[in-house]
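Whatever order the structure lists ligands and atoms in, that order sets their numbers, starting from 1.
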Amino acid sequence: MQYIVPLTDNIHWVGANDRRLALFENLMPLPKGVSYNAYLIDDKKTALIDTVEACKARNLLDKIEAVIGDRPLDYLVVNHTEPDHSGALQLVINRYPNVQVVGSRTTFKLLHQFYDTGKLKAYTVRNGDNLSLGQHQLHFYATPWVHWPETMMTFESRSGTLFSGDAFGSFGTLDGGLFDDELDIDTFEEEMRRYFSNIVGKYAKHANKAILKLKDLPIKTIASTHGPVWRSDIPKLLKYYNDWTSYTTQKGVVVVFGSMYGHTEAMAELIARRLVEKDIRDIRLYDASKTHISYIISDIWKYRALIAGAPTYDAGLFPPIESLTHELLRMKVENRLIGIFGTRSWNSGGVKNLKKFAEEIGWEEVAPAVEAKGAATEQNFEQALQIADSMAERLHELYP
Ligand code: FEO
């Protein structure tokens with residue numbers, strides 16, 4: 001018996017959970033694993049929507065066979081060519097040599113880069129095209145850069161199911177429950193946001209455009225390529241995405257520091273305490289050397305303010321903080337407040353480069369930066385507290 005979950009009588013989740021992969025894209029930790037969601041529509045014509053990572057290909061083939069038996073697979077819709085979804089493509093084609101692979105022109109260009117597509121039967125679609133499977137009707141929408149240039153979404157109009165690709169996805173395995181109403185869905189918020197901010201965040205404006213493009217469709221179910229399928233509380237999901245894709249933030253502060261011998265950390269702790277004294281409640285304090293950058297970025301996506309501190313390291317910025325600033329610039333995160341502190345000795349480089357970062361990314365610096373020489377003096381601590389005071393004041397103004 002196969003672990004297959006019906007979305008409707010004729011649409012089945014045939015994906016796989018991966019609890020072994022340590023790092024998504026060999027970058028992001030997966031303490032709660034990840035699912036690769038693929039869906040099979042069983043109609044007069046059969047269609048598979050996306051595949052799974054190569055390591056789960058056997059699993060996928062067994063599930064397809066459990067649903068359609070000896071019947072052929074007629075279509076394989078490739079909403080997204082990234083190998084976590086196309087990894088089983090060649091094995092599916094080997095098993096079903098007459099399957100028509102549905103994608104855009106860009107889809108096939110990219111598939112060609114990853115796979116031997118010599119035997120592939122391409123069925124090219126454009127934005128707005130339809131494909132009838134019998135009772136089920138597929139409608140294709142180009143949604144470029146959510147998350148790669150070829151990405152598209154497929155809407156099945158009989159059931160009202162939007163197969164959304166990476167959009168609306170989440171880290172975390174599906175441990176028995178598939179739907180939002182079968183899971184403690186609020187526990188997914190953190191991993192959904194970490195997934196969004198780190199994977200799709202750079203393309204937030206494109207994701208926003210895609211949501212607007214699809215907003216009038218009679219959507220009853222949103223079936224992403226990762227994580228829960230949403231059918232009961234779609235407004236909650238859309239609220240998350242509206243906020244994240246429009247850089248809408250909450251009242252709160254991420255305090256992040258790098259520290260070799262505790263001097264920069266000492267300032268960070270005082271700043272965090274002063275923020276509490278000034279009635280700021282949502283504070284996340286991170287040591288950038290310890291917490292993976294993906295978690296820090298996820299919270300920066302949520303909160304309006306960042307207070308960042310770093311020592312000088314070889315006349316430059318302490319490397320974990322340098323990585324963070326590099327990522328934030330790459331993602332073009334907008335509309336944040338920033339406060340800066342740090343330490344130096346015979347040379348400067350920490351605070352200097354943080355200030356350069358703030359200028360380059362265009363964030364509002366709420367107070368003069370403080371830079372201690374070696375251990376912070378009482379005066380330096382007072383200056384650090386000024387940053388906390390100014391940040392709290394600015395946040396209270398913005399979120400009365
Ligand atoms: Fe889940 Fe962009 O792949």
Side-chain angles (χ1 to χ4, degrees), residues 13-30 32-39 48-57 59-60 76-90 92 101-104 106-115 140-154 162-174 178 188 191-211 222-230 237 240-241 244-245 294 297-298 301 327 330-331:
W13 178 86
V14 290
N17 286 304
D18 192 341
R19 299 182 178 85
R20 292 188 177 188
L21 188 70
L23 297 173
F24 191 75
E25 294 181 346
N26 215 9
L27 286 171
M28 277 147 273
L30 289 173
K32 297 179 179 173
V34 67
S35 71
Y36 313 115
N37 297 339
Y39 304 91
L48 178 66
I49 314 287
D50 292 310
T51 76
V52 294
E53 224 277 346
C55 65
K56 297 289 180 182
N59 199 274
L60 174 70
L76 164 55
V77 177
V78 179
N79 277 335
H80 186 19
T81 59
E82 192 165 6
D84 53 335
H85 309 298
S86 65
L89 178 129
Q90 281 187 310
V92 170
V101 178
V102 182
S104 67
T106 321
T107 303
F108 295 111
K109 265 190 212 161
L110 293 190
L111 282 180
H112 181 64
Q113 293 170 2
F114 286 97
Y115 307 104
F140 305 104
Y141 295 93
T143 52
W145 298 109
V146 192
H147 139 233
W148 280 12
E150 90 300 359
T151 41
M152 61 181 202
M153 297 189 196
T154 300
L162 179 70
F163 299 101
S164 62
D166 281 348
F168 307 110
S170 178
F171 293 134
T173 48
L174 298 163
L178 173 67
F188 274 84
E191 285 296 74
M192 273 186 70
R193 195 179 63 251
R194 189 165 69 94
Y195 175 84
F196 171 82
S197 53
N198 287 277
I199 308 290
V200 189
K202 178 176 166 49
Y203 312 105
K205 286 181 179 163
H206 295 273
N208 195 272
K209 211 184 275 181
I211 292 170
I222 295 182
S224 167
T225 44
H226 302 286
V229 172
W230 290 71
L237 179 65
Y240 287 149
Y241 257 66
W244 299 338
T245 61
S294 61
I297 286 171
S298 178
W301 217 276
E327 281 301 286
R330 188 181 65 77
M331 293 172 171

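- Taking a cut-off of 2.8 Å, the protein N, O or S atoms nearer than that to atom 1 (Fe) of ligand 1 are D84 OD2, H85 NE2, D166 OD1, H226 NE2.
- Ring planes of W145 and H206: tilted class, angle from 30 to 60°.
- No donor-acceptor contact under 3.5 angstrom links the side chains of T173 and N17, judged on distance only.
- The backbone N or O of D18 sits nowhere less than 3.5 Å from a side-chain atom of Y36 that would complete a donor-acceptor pair.
- Within the 4.5 Å cutoff, the side chain of M331 has heavy atoms near those of the N198 side chain.
- Looking only at side-chain heavy atoms (C-beta outward), F168 and I211 come within less than 4.5 Å of each other.
- Residues forming a salt bridge (Lys or Arg N to Asp or Glu O under 4.0 Å) with E191 (at least two apart in sequence, or on another chain): R194.
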